[in-house]
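Keep in mind it's a predicted model, so treat the numbers as computed, not measured. Both ligands and their constituent atoms are indexed starting at 1 by order of listing.
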Amino acid sequence: MLGKLKNISLSNWILIGMILGLLTGIILNFFVPDSFFKNIILVDNIFYLGGSLFIKLMRMLVVPLVFCSIVVGAASISDIRKIGTIGGRTIGIYLITTALAVSIALIIGILIQPGAGLNLSAVAQSSNVTLNQTMTDTILNMVPENPINSLASGDMIPVIIFALLIGVILAKLKEETEIVGNFFAQGNRIMMEMTSIVMKFAPIGVFCLMARTFAGLGIEGLLPLGKYIICVLIGLAIQAFIVYPSMLVVFTRLNPIRFFRKFISVMFFAFSSSTSNATIPLNLDKLSEMGVSLEVSSFTIPLGATINMDGTAIMQGVAVMFAAQAYGIDLGLSALITVIFTAVMASIGTAGVPSVGLITLTMVFNSVGLPVQAIGIIFGIDHILDMFRTAVNVTGDAICTLIVSFKNKSLDVDVFNGKKEMDKDDKVLLDDLSII
Ligand code: ASP
């Protein structure tokens, strides 16, 4: 019996933790009356502690892991032009998929009218923040003024840019900077090892997160916002199960069902933890199993977890339509185009941690003068949507990585199709890491 349990892989344990947590939460919510033990001891202390501790441990890993893996990834691509091509393609696909995601959300919002009939106050508070300012700020903020400061405060885009520069320079100077190169390579190994240790707690962490969420989720709170929730879920489903698979087929001819079968555990993990950042190690691991070279994924996945948030963009697009309809504000075509632009910028500015999408939503609302108070209305139910959208966010990163590595000839299609084991070097590395 114990032997059998030992054979269960970590990704299956995560799934088991998620399902048990979900069931525990639902049972507590609907069948166990409120009491000091249930509300305070169990939900607010034990589950809260278990879940938050796990998320904190994962977040502890993010800055050093992303920093080292990007330095090492960029340094290992010896040809600077190759970094340019990979980078250009990756960022291009990230931006296009996000713009597409917001557009889908806006169309759904126009068709289903999630905010119609809510009749919130008609006094729209317009904002003096212009699109120009927010976009300029977003671009300026990408360059670190003080890299140490960015590292310390976990500002991911400046961190990524600084790490990329170091990696490119290491590749250029080769032997001259061998010691520093080795330092980062070993730093990367240490962070991967630390990740694999923290990941062992994932099933318990995921259990606590799910149990707490569902124990406290009042169904009554969901009902008035039912249409809004449904619109976001439809948008997410279209993006995940129509847009992404079509892209995979059109650009790579790979089988999407095969992809989802392998990738589902990463989606579950992102779902339970609501953080793309914490999902980075798992995502890297699964993509390697699919035949993607770490050379590409170690760059595209951390970058995607930071700037590519298609799920978040969908929530923001629907939220815009919801607020506009609820406040009786008519958004014209130019306002909708502004929303697409700012939502793409907001996606870049959204950190891959829980609930940040709501914070950057203010930027989108401001750009078209929607009252930010409306965000307060959807605040209460956002956690559940955050789970779904994070699963879509990480799927977008993986699909884009598959496409880029396919175009770049760093994807082993035979490995993806299960005709061959993954590359020896990568396998040795992954076996060492034993993340999953
Ligand atoms: N939780 C999301 C993520 O980590 C970000 C958000 O939309 O709040 O990908």
Side-chain angles (χ1 to χ4, degrees), residues 18 51-52 54-63 65-66 94 97-98 101-102 104-105 138 154-157 159-160 202 205-206 209-210 212-213 228-229 231-233 235-236 239-240 244 263 266-284 300-320 322 339 342-365 372 375-376 378-401:
M18 190 178 114
S52 310
F54 174 63
I55 296 274
K56 250 193 133 176
L57 281 170
M58 291 303 270
R59 289 177 68 177
M60 164 187 88
L61 302 169
V62 168
V63 172
L65 177 74
V66 166
Y94 281 161
T97 49
T98 310
V102 204
I104 292 174
T138 309
D155 262 345
M156 293 319 286
I157 299 182
V159 165
I160 288 177
V206 162
L209 288 168
M210 293 294 283
R212 180 159 192 269
T213 302
Y228 165 75
I229 295 172
C231 285
V232 176
L233 293 182
L236 294 176
Q239 186 78 7
Y244 292 152
F263 196 72
V266 183
M267 292 175 84
F268 280 143
F269 181 80
F271 178 81
S272 339
S273 66
S274 305
T275 137
S276 308
N277 277 2
T279 316
I280 291 173
L282 257 187
N283 211 342
L284 287 175
T300 56
I301 292 299
L303 184 71
T306 312
I307 69 164
N308 185 41
M309 307 271 170
D310 298 347
T312 305
I314 288 172
M315 174 279 283
Q316 296 187 335
V318 174
V320 162
F322 169 80
V339 168
T342 26
V344 172
M345 288 295 142
S347 153
I348 296 176
T350 305
V353 289
S355 296
V356 185
L358 267 195
I359 298 168
T360 51
L361 181 59
T362 49
M363 171 174 154
V364 184
F365 272 35
V372 281
I375 298 177
I378 49 178
F379 194 86
I381 48 96
D382 189 64
H383 183 59
I384 181 94
L385 291 180
D386 196 8
M387 299 168 98
F388 284 101
R389 69 176 179 253
T390 309
V392 173
N393 288 345
V394 301
T395 312
D397 303 341
I399 293 283
C400 168
T401 299

For ligand 1, give me the residues whose heavy-atom distance to it is below 4.0 Å, by chain and number please.
Ser274, Thr275, Ser276, Met309, Thr312, Thr350, Ala351, Gly352, Val353, Pro354, Ser355, Val356, Gly357, Asp386, Arg389, Thr390, Asn393
Distance-only donor-acceptor check, side chains Asn308 and Thr98, under 3.5 Å
yes
Should Leu209 and Met387 count as side-chain neighbours, where that means a heavy-atom distance under 4.5 Å?
no
Hits for side chain to side chain donor-acceptor pair (under 3.5 Å) against Thr390, two or more places apart or cross-chain, chain-then-number order -> Asp386
Thr362: side chain to side chain contact (heavy atoms under 4.5 Å, CB included) partners, not counting sequence neighbours:
Val372, Ile375
Side chain to side chain contact (heavy atoms under 4.5 Å, CB included) partners for Thr300, two or more places apart
Ile86, Thr90, Tyr94, Val296, Ser297, Thr401
Any donor-acceptor pair under 3.5 Å from Gln316 side chain to Val102 backbone:
no
